[in-house]
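By convention here, the first residue in the shown sequence is residue 1.
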Amino acid sequence: MTTYTILIILSGLVIFSYLFDLVASKTKIPSVLLLLLLGIGLRLLIDNLKIHTFNFLTILPTLGTVGLILIVFEGSLELKYDKQKNTIIKSAFLSALTILLATVSVITFIIFQITHKDLYTCIANAIPFSVISSAIAIPSAAALNKSNKEFVIYESSFSDILGIIIFNFAITNPSISTSSFISLGLSTFLIILLSAIACIVLLYIMGKLVHHIKFFLIISILILVYAIGQSYHLSSLVLILSTGLFLNNADTIQNAWFRSVFLYKNLTADLSQLYQLSAESAFILRTFFFVIFGFTMNIYELNDQPVLANGFFILASIYAIRFICLKFFKKESLAPIIYIAPRGLISILLYFNLPASLKIPEVGPSFLFLVVLGSSIVMTLGIAFSNRKKEETITV
């Protein structure tokens, strides 16, 4: 494949992704779903033409990790904190935690019934299916009202963070003891401390940099710290979420010393540019990640009736648990929040990070693809149905 052919394909994918975003804004069909279908279509075309391709699975985890960082950072840069939002943050956290634990329990039981593997292996495989993907949920919440949008951003980000904490805990502790929980507490304390230091240091650097290239440096530092934290099994997504929140709310801190040292004249303009850069970078990475994921899937395996049936049971359990739990944590109407529980980028990353010894053939990539695709379709139909119902109510 020539250099120019590769450039044509890459630029074409970006153009298609942009068009899909426009379609998504009009039809409420998630652009991620269209990207997955584009990847599948390209795979079918390549197979028919018998063209030899690169093994894209080798770069998928890296693309996904950077995309996740940028999407969560972009979402957190939109959030303005005030005391009135304590209720929404508390509800979102408790909702994410309760739904995650309940879903892991039920999906563990389903996987055990399918495979009859030991409980530890079933739990490790259940976690990737139980985490809400902020990479899909946050962009899909753009058209919701302010309260629901903030709930989705917080809940999906907390779900990602808690999912990574539980996943790291599970794969590093085959047998649970008191020392396991001491280690968890220590790692949680370390990532909170690291987050606090990173927030202050990054804000200080932003104020002192005079070079015309500064925002890619900030993002690179974030990615570097995230990668270092993850290599020591720390839940570094906490750092990304807290940094975005801190930067966007630093101007509300009234301490005179802090304001004189860290706040500067162009902070608001810089934050606007940083948000724009992270949003556009996330768009590019999300495009390639989901097209490649669709491309790497063997859709012929979806003809397997047991896979379809078990995938349906997992999807049904996801939304049944979500409905029951949201009754306690969301006082307003549950629609369309109840439908926004997509599995996607974080689920794929966690699955690919499972040690080879824990992977179960019966719960493979095609099974994961079915759940990712199914949850995106449910979200699409649910949001469309909720919007139509709302329009009918307004008309009446």
Phe295/Phe56 aromatic ring centres below 6.0 Å = yes
inquiry  = Between Pro342 and Ile132, is there a side-chain heavy-atom distance shorter than 4.5 Å?
reply    = yes
inquiry  = Check for me, please, whether Val131 and Phe109 land in the same ILVMFWY cluster - side-chain distances under 4.5 Å, paths through other members count.
reply    = no
ask   = In Å, rounded to the nearest 0.5 Å, how long is the span from CZ of Arg43 to OG1 of Thr296?
value = 7.5 Å
inquiry  = Looking at Leu345, is its backbone amide N or carbonyl O close enough to the side chain of Ser133 to form a donor-acceptor pair, meaning the two atoms are under 3.5 Å apart?
reply    = yes
message = Please determine whether the number of non-hydrogen atoms from other residues, nucleotides or ligands lying under 6.0 Å from atom OH of Tyr18 exceeds 12.
response = no
query = More than 12 heavy atoms of other residues, nucleotides or ligands under 6.0 Å from CZ of Phe215: is that the case?
reply = yes
key: Pair Glu362 + Lys117: basic N to acidic O under 4.0 Å   = no
ask   = Is Tyr264 close to Met206 at the side-chain level, that is, under 4.5 Å between some pair of heavy atoms?
value = yes
ask   = Do Tyr154 and Leu245 have side chains that get closer than 4.5 Å, going by heavy atoms?
value = yes
query = If you measure only the distance, is there a donor-acceptor pair under 3.5 Å linking the side chains of Asn86 and Tyr81?
reply = yes
Validation row: Leu358, Tyr120 side chains within 4.5 angstrom (heavy atoms) = yes
task = Inspect the surroundings of CZ in Phe313 and state if more than 12 heavy atoms from other residues, nucleotides or ligands are less than 6.0 Å away.
result = no
key: ring-ring contact (aromatic ring centres under 6.0 Å, His included) involving Phe369 - partner list, sequence neighbours excluded   = Phe293
query = Which residues satisfy the ring-ring contact (aromatic ring centres under 6.0 Å, His included) test with Phe367, sequence neighbours excluded?
reply = Phe129
query = Which residues pass the side-chain contact (heavy atoms from CB on, under 4.5 Å) test with Pro365, sequence neighbours left out?
reply = Met297, Tyr351
ask   = Under a 4.5 Å cut-off applied to non-hydrogen side-chain atoms, are Ile114 and Ile110 in contact?
value = yes
request  = With Val104 as reference, evaluate Ile107, Thr108, Leu101 under the side-chain contact (heavy atoms from CB on, under 4.5 Å) test and give the passing residue.
outcome  = Thr108
key: Side-chain (Ser272) to main-chain (Thr268) donor-acceptor, under 3.5 angstrom   = no
inquiry  = Counting only heavy atoms from other residues, nucleotides and ligands, does the tally under 6.0 Å from NZ of Lys80 exceed 12?
reply    = yes
ask   = Could you walk me through whether Phe151 and Leu144 pass the side chain to side chain contact (heavy atoms under 4.5 Å, CB included) check?
value = CA-CA 10 Å; Phe151 183 87; Leu144 303 183; over 6 Å; no
message = One thing to verify: whether Asp251 and Arg259 come together as a salt bridge, which I'm taking to mean a side-chain N less than 4.0 angstrom from a carboxylate O.
response = no
ask   = Between Ile219 and Ile69, is any pair of side-chain heavy atoms under 4.5 Å apart?
value = no
inquiry  = For Arg322, is there an ion pair with Glu155 - N to carboxylate O distance below 4.0 angstrom?
reply    = yes
ask   = Heavy-atom distance under 4.5 Å between the side chains of Ile383 and Met379, does that happen here?
value = yes
inquiry  = Using only atom types and a distance under 3.5 Å, with no angle test, would you say the side chain of Gln254 pairs donor to acceptor with the backbone of Thr252?
reply    = yes
ask   = Side-chain donor-acceptor pair under 3.5 Å between Asp118 and Thr121, yes or no?
value = yes
request  = Mind listing the closest non-hydrogen atom pair of Asn168 and Ser235 along with its distance?
outcome  = ND2-OG, 4.2 Å
message = Using 0.5 Å steps for rounding, measure from the CD1 atom of Ile340 to the OG atom of Ser375.
response = 12.0 Å
key: Rounded distance [0.5 Å steps], OG1 in Thr287 versus CG in Leu10   = 11.0 Å
task = Establish, yes or no, whether a centroid distance under 6.0 Å links the rings of Tyr339 and Phe385.
result = no
message = Does any part of the side chain of Leu35, heavy atoms only, come nearer than 4.5 Å to the side chain of Phe16, both counted from C-beta?
response = no
